[in-house]
Number of protein chains: 2
Amino acid sequence: MAAASIKEVARRAGVSLGTVSNVLNRPDMVAPATRQRVLDAIAELGYVRNDSARQLRAGQSRTIAIVVLDVANPFFTDMVRGAEQVVEETGAMLIVCNSGEDSARERRHLELLEEQRVRGVLITPVGDGPQPHLEKLIDRGIPVVLVDRGAGRASRCSVAVDDVLGGRLAMDHLLDQGHRRIAYVGGPFSLAQVAERHAGAAAALEERGAGAELRVAATTSLTVASGRRAAEDLLALPARQRPTAVFCANDLIALGVLQELTVRGLRVPADVAIVGYDDIEFAAAAAVPLSSVRQPREQLGRTAAQLLLEEAEAGATHQHRHVVFQPELVVRRSSDQPRRPRR
Amino acid sequence: MAAASIKEVARRAGVSLGTVSNVLNRPDMVAPATRQRVLDAIAELGYVRNDSARQLRAGQSRTIAIVVLDVANPFFTDMVRGAEQVVEETGAMLIVCNSGEDSARERRHLELLEEQRVRGVLITPVGDGPQPHLEKLIDRGIPVVLVDRGAGRASRCSVAVDDVLGGRLAMDHLLDQGHRRIAYVGGPFSLAQVAERHAGAAAALEERGAGAELRVAATTSLTVASGRRAAEDLLALPARQRPTAVFCANDLIALGVLQELTVRGLRVPADVAIVGYDDIEFAAAAAVPLSSVRQPREQLGRTAAQLLLEEAEAGATHQHRHVVFQPELVVRRSSDQPRRPRR
DNA sequence: GCGACTGGATGAAACGTTTTAGGCGCTATA
DNA sequence: TATAGCGCCTAAAACGTTTCATCCAGTCGC
């Protein structure tokens, strides 16, 4: 059964093609009797509007895209749900793309989205450098909102959480607990989140961590598996160099570290304290409930979507805005054991 | 900057419009010199193909959709990643829609997807009854593959895991451990997964659980929060009626139950054993590592995508297939403590 | 009874592709 | 020298909408 077009509906209802379109789009411009005849014809034929044709004519689609670093990371899925709420209220559609922290895939997605003439793009970009493909989108007039990333760019809106502050909160807490050998586990550092959380931690240490040291254990991605590998590396250190606390760039890594340490017989927090980042739902349910830096995940998504819709609406008169949320440290058992400094 | 069209590229390169199209789609049909001129023009103008027009002409899009019950559930995101791998190899795009276990949202998504003339739909449907909107898609000639659901329908392919068997595995294990008062926590029962896992458990009990009873604690959704609420209810029972083991319809619920029990001072597995379902990554990292019925999550997605592509390719000659995977019980600490029956 | 409106419908143009039938200038064949 | 064949290109049609200018038949005010 080939899809019926507006033309056949028109023929069946005995009206012109334009009238059918009016029934669809401005129903009160057409006389009730006629309208009913058209609606009947639509029902009988099982007519479904062809969105490609509509878009072609309109020059724009009604979909908005969100490109995330990792669909399997609960932080992003919560963000997606926030964005979804807002987007769907407007009758538009949100399509979710996964870059998997891979720059080539990100580019490929953006190309496809551009071909689709999406109405706007929410994105947590992979790299932190210049972003030629994003610029291209913007040049084309497609609004882009940076999520969880890059406040301060003039050419686009952004929504972010103060990751430097988050890093500070975590580090201050660990220093308060008496830790002096601390590791930061995370990567790649090309992700600004990773770099800034580290920067915050380093700054806190610099300011008040007399005699404390921060070792970096870089990972290739922000996953549980990466966390486990990093923990292995830490365990390979001689015991007296081994950190007594670990601050992880996100909760997945923290969970990985926790798993590996536990399997290898170390106790958390007695032997090693752990602080994660994001406060995903699973952090509280972990083997040892995980301390974490909480971000307003859904709100991040909601706000981003609102900014985007606003920009798409306003067009040229739009003023780019940068919303920054404050993170908040949630202390749980994984770091809740003061340590008497003994060095 | 309005988007440049093929026409302007043609003018700039001094060729006809059809030639530009040929450069794009069958590059070797056009003389190298001309081709280069066209490519230059494309680069200079920053031309990007308009997918709506292309689709309109082709009558079909190059996107495939996957509609899941809950994007925030790691089970589904893993499935999505599997499907993604396969779909992207073909140069198509996978768009992810979230029904949130809400039938109205599911319907709305399917309508939009139909308007978009997607090439096919992978779906884990919300309800288990007749599915008029799915039928409508199929009538229209849009291939639909049921995922994690409904083997045996004649009009579509399906990929699933034997949930009845999964329920049996869990229940047999709990009976082996000596449990006699067992609860099944999950819902809504309109989800076939929920109903079948229960059916499997009930059947196992029927066959060999002399004197054992299975109490059902129904939830409204498959989330951590639902699990916590269900656990509260169980805790409200008089101690001697309280189950000594809980089989949960999925891991999120199991994690919720685990959390609530722990907070209320019960020990797992000593006081209550727990078995979950799905074996998501976080199950192993839980406060008490969670026993769970493992499903091949990514493979489910991959296989579904392959079936869909195959069907889209084959057209009318296609034979619907039903692939069923076997689940596997993974025993971890949450249920690993035999109990001497004392009733 | 006449012009000016008005509500309701029509017809055609336009959006940007892809595709198909054909045209043009060559070279190879007879 | 005519003819067929070939390589490369062009022109035009078609896909299904939406919109805009127009038209028609009543109705109202005078």
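In what follows, every chain begins at residue 1, and chains take the letters A, B, ... in the order their sequences are listed. Being a predicted model, the structure only gives us computed values, none of them experimental.
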Among [options], the nucleotide that comes nearest once only the side chain of [X] is considered:
X       : options                : answer
B:Val15 : D:dT10, C:dA9, C:dT19  : D:dT10
B:Ile6  : C:dC15, D:dC9, C:dT18  : C:dT18
B:Ser16 : D:dG16, D:dT10, C:dT18 : D:dT10
B:Leu56 : C:dT10, D:dT17, C:dG16 : C:dG16

[X] [atom1] to [N] [atom2], straight-line distance once rounded to whole Å:
X       : N      : atom1 : atom2 : value
B:Leu17 : C:dT19 : CG    : P     : 13 Å
A:Lys7  : C:dG11 : NZ    : P     : 13 Å
A:Asp51 : D:dG16 : CG    : P     : 14 Å
B:Arg26 : D:dG7  : CZ    : C1'   : 15 Å
A:Arg62 : D:dT17 : CZ    : C1'   : 13 Å
A:Ile42 : D:dG16 : CD1   : P     : 16 Å
B:Glu8  : C:dT17 : CD    : C1'   : 14 Å
A:Leu45 : D:dG16 : CG    : P     : 13 Å

Report yes if a side-chain nitrogen or oxygen of [X] is closer than 4.0 Å to either non-bridging phosphate oxygen (OP1 or OP2) of [N]; otherwise report no.
X        : N      : answer
B:Arg117 : D:dG16 : no
A:Thr19  : C:dT10 : yes
A:Arg57  : C:dA14 : no
A:Arg49  : D:dT18 : yes

Sugar-phosphate, base or nothing in reach of [X], heavy atoms under 4.0 Å:
X       : value
A:Gly59 : nothing
A:Asn25 : sugar-phosphate
A:Ser5  : sugar-phosphate

Among A:Val67, A:Ile64, A:Ile138, A:Leu146, which one satisfies side chain to side chain contact (heavy atoms under 4.5 Å, CB included) with A:Val121?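 Filter result, single survivor: A:Val67.
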Determine the minimum heavy-atom distance between A:His322 and A:Arg156, stating which atoms define it.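 That would be CE1-O, 3.1 Å.
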Does a side-chain N-to-carboxylate-O contact under 4.0 Å join A:Glu89 and A:Arg302?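 No, no charged N to carboxylate O under 4.0 Å.
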Under-4.0 Å salt bridge between A:Arg321 and A:Glu311: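 A salt bridge is absent here (no side-chain N lies under 4.0 Å from a carboxylate O).
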Set of ring pair (Phe, Tyr, Trp, His ring centres under 6.0 Å) partners for A:His133, sequence neighbours left out: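 In terms of ring pair (Phe, Tyr, Trp, His ring centres under 6.0 Å), with neighbours along the sequence ignored, A:His133 is linked to no residue.
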Please figure out whether A:Gly18 or B:Ala58 has its closest DNA chain D nucleotide nearer the 5' end.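 The residue mapped nearer the 5' terminus is B:Ala58.
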